[in-house]
Amino acid sequence: MTEKTSKTATELYAFLDGLGIKHSTKTHAPVFTVAESVALRDEIPGGHTKNLFVKDKKDQFFLLTVEENASIDLKTVHTLIGAASKVSFGKPEKLMEYLGVIPGSVTAFGAINDSDHQVTFVLDADLMKDEIINCHPLSNDATTSIASADLVRFMEATGHTPLVLKVTS
């Protein structure tokens with residue numbers, strides 16, 4: 001079995017360019033939490049994201065992408081996303097294997113690395129009301145802004161059909 005190499009931010013941008021998707025990126029000091037990224041709000045307009053990489057008891061993996069301040073009830077979200085059981089957080093090794101990112105850099109753009117379609121991507125309906133969505137470009141030292149409709153187009157181009165559901169309270 002050959003080791004799969006993760007795409008870089010440069011490869012992500014080239015993929016977006018190839019789809020004709022407009023994007024802009026601002027580099028910044030690495031941020032590991034939503035709290036650390038708050039200082040960037042004035043510089044980067046649009047909806048800012050929080051991402052939860054979770055799994056059910058049958059090892060089905062999900063990436064929940066929601067607005068940074070939204071709350072998710074982890075005891076009940078499985079009923080909304082089609083999980084076989086309550087969910088728990090996925091291990092960092094699986095995060096790297098499937099999405100090509102480390103904790104702190106989790107992003108919907110990780111779909112570009114999920115060539116085996118191991119992850120179901122869930123975009124919160126409230127987040128998708130924002131015209132612009134901001135995600136890490138596979139690392140936490142930059143933020144890439146993209147139109148919400150283009151985020152869906154990007155995911156579809158990677159072979160994923162994201163679920164757009166209200167998963168927040």
Side-chain angles (χ1 to χ4, degrees), residues 1-41 43-55 60-70 72 89-124 127-128 130-164 167:
M1 183 173 151
T2 57
E3 185 70 20
K4 185 170 82 170
T5 56
S6 300
K7 301 268 192 276
T8 64
T10 302
E11 291 169 307
L12 170 66
Y13 306 145
F15 186 79
L16 294 171
D17 291 342
L19 295 170
I21 291 177
K22 184 179 170 202
H23 57 93
S24 64
T25 299
K26 176 161 184 55
T27 57
H28 49 71
V31 291
F32 293 91
T33 65
V34 168
E36 288 179 12
S37 66
V38 168
L40 301 170
R41 293 306 154 261
E43 300 174 41
I44 306 171
H48 292 266
T49 56
K50 168 170 61 177
N51 297 276
L52 303 177
F53 182 65
V54 298
K55 67 180 248 359
Q60 294 180 98
F61 288 83
F62 301 84
L63 182 70
L64 310 176
T65 300
V66 304
E67 195 276 328
E68 67 181 348
N69 296 312
I72 298 174
F89 289 104
K91 300 240 182 291
E93 299 79 28
K94 290 296 182 187
L95 183 61
M96 177 54 79
E97 180 182 345
Y98 296 153
L99 301 183
V101 296
I102 60 171
S105 296
V106 185
T107 174
F109 288 132
I112 197 169
N113 287 315
D114 185 29
S115 55
D116 295 331
H117 304 96
Q118 297 294 318
V119 179
T120 298
F121 291 85
V122 180
L123 303 172
D124 186 61
L127 173 69
M128 295 307 287
D130 282 310
E131 198 173 310
I132 300 294
I133 307 290
N134 296 292
C135 301
H136 289 311
L138 307 172
S139 65
N140 65 355
D141 58 356
T143 298
T144 296
S145 304
I146 184 173
S148 54
D150 285 339
L151 180 58
V152 173
R153 272 187 52 220
F154 158 78
M155 290 197 157
E156 289 171 345
T158 67
H160 297 85
T161 302
L163 303 175
V164 179
V167 294

*Who are the side chain to side chain donor-acceptor pair (under 3.5 Å) partners of T107, not counting sequence neighbours?*
none

_Under the ring pair (Phe, Tyr, Trp, His ring centres under 6.0 Å) test against F61, which residue among Y98, F121, F89 passes?_
Y98

Please tabulate, one pair per line, all N/O donor-acceptor pairs under 3.5 Å involving side-chain atoms of residues 144-153, not counting sequence neighbours.
residue, atom, partner, partner atom, Å
T144, OG1, T25, OG1, 2.7
S145, OG, N134, OD1, 2.4
S148, OG, D130, O, 2.9
D150, OD1, R153, NH1, 3.0
R153, NH2, L19, O, 2.4

*asked:* Test of understanding: with side-chain contact (heavy atoms from CB on, under 4.5 Å), list the residues that count as partners of T65, not counting sequence neighbours.
replied: T49, N51, L63, A108, L123, L127

_What's the separation between atom CG in L12 and atom CD1 in I112, rounded to the nearest 0.5 Å?_
5.0 Å

*Are side-chain heavy atoms of H28 and T143 found at a separation under 4.5 Å?*
yes

*asked:* Taking the side chain as everything from C-beta on, heavy atoms only, tell me whether L163 gets closer than 4.5 Å to T120.
replied: yes

*asked:* A side-chain contact here means heavy atoms from C-beta on lying under 4.5 Å apart; do L95 and P103 qualify?
replied: yes

*Check: A142 main-chain N/O paired with H136 side-chain donor or acceptor under 3.5 Å*: yes

*State whether the side chain of N140 and the backbone N or O of P30 hold a donor-acceptor pair below 3.5 Å, judged by distance alone.*
no

*Tell me, yes or no, whether the heavy-atom count around E156 atom CD, taken from other residues, nucleotides or ligands under 6.0 Å, exceeds 12.*
yes

*Hey, does K7 have a side-chain heavy atom less than 4.5 Å from the side chain of F109?*
no

